[in-house]
Amino acid sequence: MSDNKEMPKAYESAEVEKKWYPLWEERKYFHGNPDSGKKPYSIVIPPPNITGILTLGHVLNNTLQDILARWHRMLGHEVSWFPGTDHAGIATESRVERYLKEKENTGREELGREEFMRRVWEWREKYGGTIIRQLRRLGSSCDWERERFTLDEGLSDAVRKVFVSLYEKGYIYRGRRMINWCPVSKTALSDEEVIYKEVKGKFYHYKYPLSDGSGHLVIATTRPETMLGDSAVAVHPEDPRYKHLIGKTVNLPLTGRKIPIIGDEHADPAKGTGCVKITPAHDPNDFEVGTRARLEFINIMNKDATMNERAGQDYAGLDRYECRKKVLHDLEAAGLMVQVEDIIHNVGYSERGDVPIETLVSEQWFVKMDELAKPAIEAVRSGDIKFYPDRWAKTYFHWMENIKDWCISRQIWWGHRIPAWYNDTTGEIYVGMEGPKDGGPWRQEEDVLDTWFSSWLWPFSIMGWPKETAELKFFYPTCDLVTGPDIIFFWVARMIMAGYEFTGELPFKNVYFTSIIRDDLGRKLSKSLGNSPDPLDVIDTYGADALRFSIIYIAPVGMDIRYSNDKCEIGRNFANKLWNACRFRQMQGPTTAGFRELSGIDQSKLTPDEKWMLFKLDEVIVMANTALKEYRFHFAVHEIYEVVWSTFCDWFIESSKIGLRQGGEAKAQAIAVLDFVLFKILRLLHPFMPFITEELAHQMGFLGDDQTIMYESFPLPLSEKRLQCIMDKNVELLNMVDGKFQLIRSGRALKVNYNIPAGKKASYYIKAFSPANESFLKSEMESVKFLLNADEVIVSQEDYNAADGAAPSQMSNTGMIYLPLKGLIDVDAELKKLNEQKRQIEGWIKGSESKLNNKSFVDKAPENVVREAQAHCEELKQKLVRVNELIISLS
RNA sequence: GGGCGUAUAGCUCAGUUGGCUAGAGCGCUACGUUGACAUCGUAGAGGUCACAGGUUCAAGUCCUGUUACGCCCACCA
């Protein structure tokens with residue numbers, strides 16, 4: 001298997017990625033089988049819009065899902081990650097309209113409903129799959145055979161069934177309500193699709209003359225053009241300034257209409273002038289007032305926010321902002337303007353159209369939400385569904401407990417057409433899966449449903465609901481959901497409600513909310529700012545594994561991520577490091593048999609460094625497993641990075657070279673341990689870096705051509721017993737090895753400080769602080785010499801003999817290392833350094849002693865803390881003694 | 001107005017029930033191509049943990065308040 005062909009010096013991601021992904025897919029490794037008898041693990045993708053292209057947000061989100069999917073696959077679960085796309089009604093429709101306008105100079109109205117829909121499907125075939133193809137580049141192990149689209153036949157059935165069922169239950173109703181209207185998309189929007197922006201505006205004060213000529217009222221508004229639809233002026237019923245005017249009328253300027261002055265508590269005497277113009281058809285509050293006072297609802301606007309004929313012939317046809325200018329001009333001309341104030345206020349914008357929305361009265365379909373919310377609130381409260389980080393639960397509760405009815409009808413064509421039919425002769429409404437069959441004059445509702453009305457069914461509709469499919473039985477409820485907190489209301493909350501209402505079960509058990517990705521200046525990534533890197537370019541430059549690894553590495557838990565492309569160097573360099581570690585191993589000879597279980601090695605013959613490595617490896621395995629269970633991906637990745645780079649490469653590989661050079665049995669053992677450790681590392685990393693780990697597992701000969709690392713077991717911690725066995729029941733050994741490495745570090749520092757080239761052999765003297773250390777270091781002589789690049793190292797418990805020439809030294813916890821320089825030493829510099837050290841140690845001792853002399857510390861602190869403090873103080877004192885001795889010997 | 005989050009090295013961030021001298025990566029400085037790796041190695045500089053109080057033997061960690069930044073919700077005639 002391992003053919004000993006020399007591996008390239010650097011990891012080349014492109015080739016490896018191109019090779020493995022098609023193979024994985026062909027061999028159906030991603031496919032979950034409902035009859036496997038294994039434990040199911042399922043996850044549904046947050047369906048990206050078909051108009052979308054891959055962004056870094058998707059990269060983060062899908063990397064996390066892939067980590068979970070691959071991890072569970074390696075844990076032996078039957079995994080299915082259900083992929084698919086969302087038809088994204090408004091976004092797609094406006095996108096295709098733009099496309100048609102550019103390409104053919106045609107549009108919705110010209111083509112008609114049927115032809116337009118045909119064109120949208122055509123567009124979808126041509127461009128709609130982009131993001132799904134791009135996900136493959138990332139390495140996403142989606143169960144592609146189960147890919148679905150929210151407008152698929154099956155999913156559309158689910159939507160109709162849900163609509164009918166909610167209608168029959170009385171939860172869906174049709175009504176004339178105040179809704180949010182987008183003048184660009186020309187459709188109603190739900191409250192969630194309105195975003196509030198702080199903008200500069202003006203506050204206009206002007207006069208409404210009393211009809212009896214006895215004076216005027218001053219009203220104030222930010223939207224003077226709406227006065228054309230005013231039905232009244234309201235004052236507070238108890239306001240002494242205006243109380244007596246209630247029942248009179250004012251002449252509404254520019255219109256020739258007389259409108260009443262009414263008393264209504266909505267008017268706040270403390271705000272503005274205390275008089276409020278009431279425009280019931282264009283303001284939510286005025287709508288309430290108008291309903292209470294049975295005022296006329298005067299709709300003065302067209303669908304595109306131009307004024308209609310009810311605004312008066314001077315204004316009809318004008319755009320709302322043109323109209324505002326004209327109204328102001330005309331008020332001015334009539335001498336009615338009082339003052340204009342600059343203000344900053346919040347204005348609702350259409351999420352898709354990015355223009356201010358209009359609130360207006362319109363006939364729409366709604367879902368009554370309060371009953372649906374109840375079990376969904378309970379599920380999160382009881383912990384059946386858990387949020388990570390859990391603080392999002394508060395946001396969730398707040399919204400759910402104040403939930404408003406959901407406006408679900410949209411005046412567009414691309415979507416699920418509402419399954420309601422009107423009989424214009426009888427005035428009946430029929431709602432059903434199919435249209436009525438009685439041959440009557442039925443006309444289907446023109447409107448379609450809000451996109452989210454299909455998305456909220458996603459976790460079960462994607463599995464074939466309402467049919468009782470094998471997938472549904474085996475994979476539902478799903479386990480984890482990974483999504484952004486920005487769609488907690490749009491999607492997460494609604495899915496939970498739908499899950500309980502239609503399947504009687506929760507749709508998923510855990511929800512992990514990802515961080516928001518920003519650029520390195522902290523700005524949101526957006527196309528218009530041009531600060532949104534194309535992940536495919538990043539993959540081309542750095543590799544998919546590098547991107548995946550880096551983005552997890554830099555993702556702080558539950559906070560925003562500051563991303564820039566050069567951060568991907570972390571992952572690229574790490575991949576390269578791993579590659580070269582394997583390359584080094586491969587240069588030593590063919591794969592041994594023990595790489596899975598370390599079989600064939602007498603454990604009593606393991607070197608201290610090998611035991612140390614195995615212990616450290618086990619530690620990181622424990623941490624990685626726990627971290628993944630707790631969704632602490634970032635932590636897992638940091639720990640693995642550390643152990644691979646520092647523990648394994650910096651120390652263990654270097655250490656292993658001794659055995660490797662010895663040859664024979666020592667070499668065989670060194671190779672076996674390297675293989676064992678490497679194979680565990682590769683498996684540990686596979687969920688994070690799927691491509692390189694698969695490639696290396698094969699390069700190293702751990703796996704045959706017909707095998708995949710995807711189905712190898714994820715490393716689990718050794719049992720306590722086995723660990724004890726490996727460690728030879730000798731935990732002290734670890735400290736000894738750590739102490740040895742510290743001494744070596746100190747020895748190297750001495751060389752650097754005295755500008756001795758690292759390549760030059762040196763002689764050292766080590767004073768060991770204990771007999772155990774002395775004998776340990778002596779038994780490790782070869783390793784010490786090798787790692788220090790020294791030709792001679794003397795170890796003893798005796799002090800260094802100054803007669804041999806002054807020598808700079810460094811202290812570690814287990815010993816003192818000297819670099820005799822035969823007169824080359826800069827005594828003054830050494831003394832300066834030592835005196836500084838002395839001062840520092842004295843300071844520490846002082847602090848330590850004052851703590852120990854504090855009676856309440858000794859009395860109240862736990863015993864072990866006190867004991868440790870005492871031991872530490874003792875240690876410091878010893879150090880001080882040694883430093884003093886050195887100072888004396890040098891001066 | 002209500003809620004949430006954040007503030008630790010030049011930068012980005014760890015620091016999980018309070019407990020040795022606060023860590024990492026990047027960047028920076030010096031040296032270095034010793035047969036895995038310059039996408040590298042060795043060593044080093046760099047922090048009054050936002051501020052002010054409090055609790056405690058002990059506070060980066062807990063409490064209160066202040067400041068700054070960010071987000072969400074509500075309201076704004």
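So that the names make sense, note that chain A is the first sequence line, chain B the second, and so on, each numbered from 1. All heavy atoms count here, side chains included; hydrogens, waters and symmetry mates do not.
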Rounded interatomic separation in angstrom, taking CH2 from Trp392(A) and P from C72(B): 9 Å

Same-atom distance (P) from G18(B) to A36(B), integer angstrom: 48 Å

Atom-to-atom span, CD of Glu198(A) to P of G70(B) - whole angstrom: 11 Å

Distance, P atom - from C20(B) to A43(B), rounded to whole angstrom: 25 Å

Span that lies between the C1' atom of A9(B) and that of G41(B), in whole angstrom: 23 Å

Residues Lys877(A) and Ser848(A): side-chain donor-acceptor under 3.5 angstrom: no

Selection residues 575-591 of chain A - residue pairs positive for salt bridge (charged side-chain N to carboxylate O under 4.0 Å, His left out), sequence neighbours left out: Glu6(A)-Arg583(A), Arg585(A)-Asp675(A)

Test salt bridge (charged side-chain N to carboxylate O under 4.0 Å, His left out) applied to Arg324(A) - qualifying residues, sequence neighbours left out: Glu225(A)

Centroid separation Phe489(A) to Trp399(A) less than 6.0 Å: yes

Pair listing, side chain to side chain donor-acceptor pair (under 3.5 Å) test, anchored in residues 859-870 of chain A, at least two apart: Lys855(A)-Asp859(A)

Integer angstrom distance from the P of C11(B) to that of G27(B): 16 Å

Distance between P atoms of U42(B) and A24(B) (Å, rounded): 13 Å

Lys785(A) bridged to Asp791(A) by N-O distance under 4.0 Å: no

Salt bridge flag under 4.0 Å for residues Lys833(A) and Glu830(A): yes

Pairwise C1' distance for A74(B) and G3(B), with rounding to whole Å: 10 Å

Between A58(B) (P) and Asp859(A) (CG): distance, integer Å: 13 Å

Base-paired stems that RNA chain B participates in, counting runs of 3 or more Watson-Crick or G-U pairs under 3.5 Å: B:1-7 with B:67-73, B:10-13 with B:23-26, B:28-32 with B:40-44, B:50-54 with B:62-66

Check the interface with nucleotides 73-76 of chain B: list each N/O to N/O pair with the protein under 3.5 Å, or write none.
{"unit_1": "C75(B)", "atom_1": "N4", "unit_2": "Asn346(A)", "atom_2": "ND2", "d": "2.7"}
{"unit_1": "C76(B)", "atom_1": "OP1", "unit_2": "Asn285(A)", "atom_2": "ND2", "d": "2.2"}
{"unit_1": "C76(B)", "atom_1": "N4", "unit_2": "Asn346(A)", "atom_2": "O", "d": "3.4"}

Atom-to-atom span, CG of Asn853(A) to P of A58(B) - whole angstrom: 15 Å

Touch class at under 4.0 angstrom, heavy-atom based, for Thr222(A) against every strand present: sugar-phosphate

N-O pairing of Arg223(A) and Glu358(A) below 4.0 Å: yes

Ion pair Asp191(A)/Lys404(A), N-O distance below 4.0 Å: no

Residue list, salt bridge (charged side-chain N to carboxylate O under 4.0 Å, His left out) with Arg241(A), at least two apart or on another chain: Asp239(A)

Tyr764(A): partners by ring pair (Phe, Tyr, Trp, His ring centres under 6.0 Å), with sequence neighbours left out: none

Residue pairs passing the salt bridge (charged side-chain N to carboxylate O under 4.0 Å, His left out) test where at least one lies in residues 643-654 of chain A, sequence neighbours excluded: Glu654(A)-Lys657(A)

Nucleic acid footprint by protein, nucleotides 35-47 of chain B - heavy-atom cut-off 4.0 Å, B for base, S for sugar-phosphate alone: -BB-BSSSS----

Aromatic centroids of Phe297(A) and Phe287(A) separated by under 6.0 Å: yes

Under 4.0 Å protein heavy-atom contacts per nucleotide of nucleotides 8-21 of chain B, with B for base, S for backbone only and - for none: ----SSS-B--BBB

C62(B) to U56(B) separation - C1' atoms, rounded to the nearest Å: 10 Å

Residue pairs involving residues 538-551 of chain A (criterion salt bridge (charged side-chain N to carboxylate O under 4.0 Å, His left out); sequence neighbours excluded): Asp66(A)-Arg548(A), Arg137(A)-Asp540(A)

Nearest-angstrom distance, P atom, C51(B) to U67(B): 16 Å

Side chain to side chain donor-acceptor pair (under 3.5 Å) partners of Trp406(A), counting only residues at least two apart: Asp450(A)

Rounded distance (Å) that lies between atom C1' of G3(B) and atom CE of Met400(A): 18 Å

Side-chain N,O (Lys394(A)) to OP1/OP2 (C4(B)) below 4.0 Å: yes

Spacing between Arg391(A) atom CZ and C72(B) atom C1', to the nearest angstrom: 11 Å

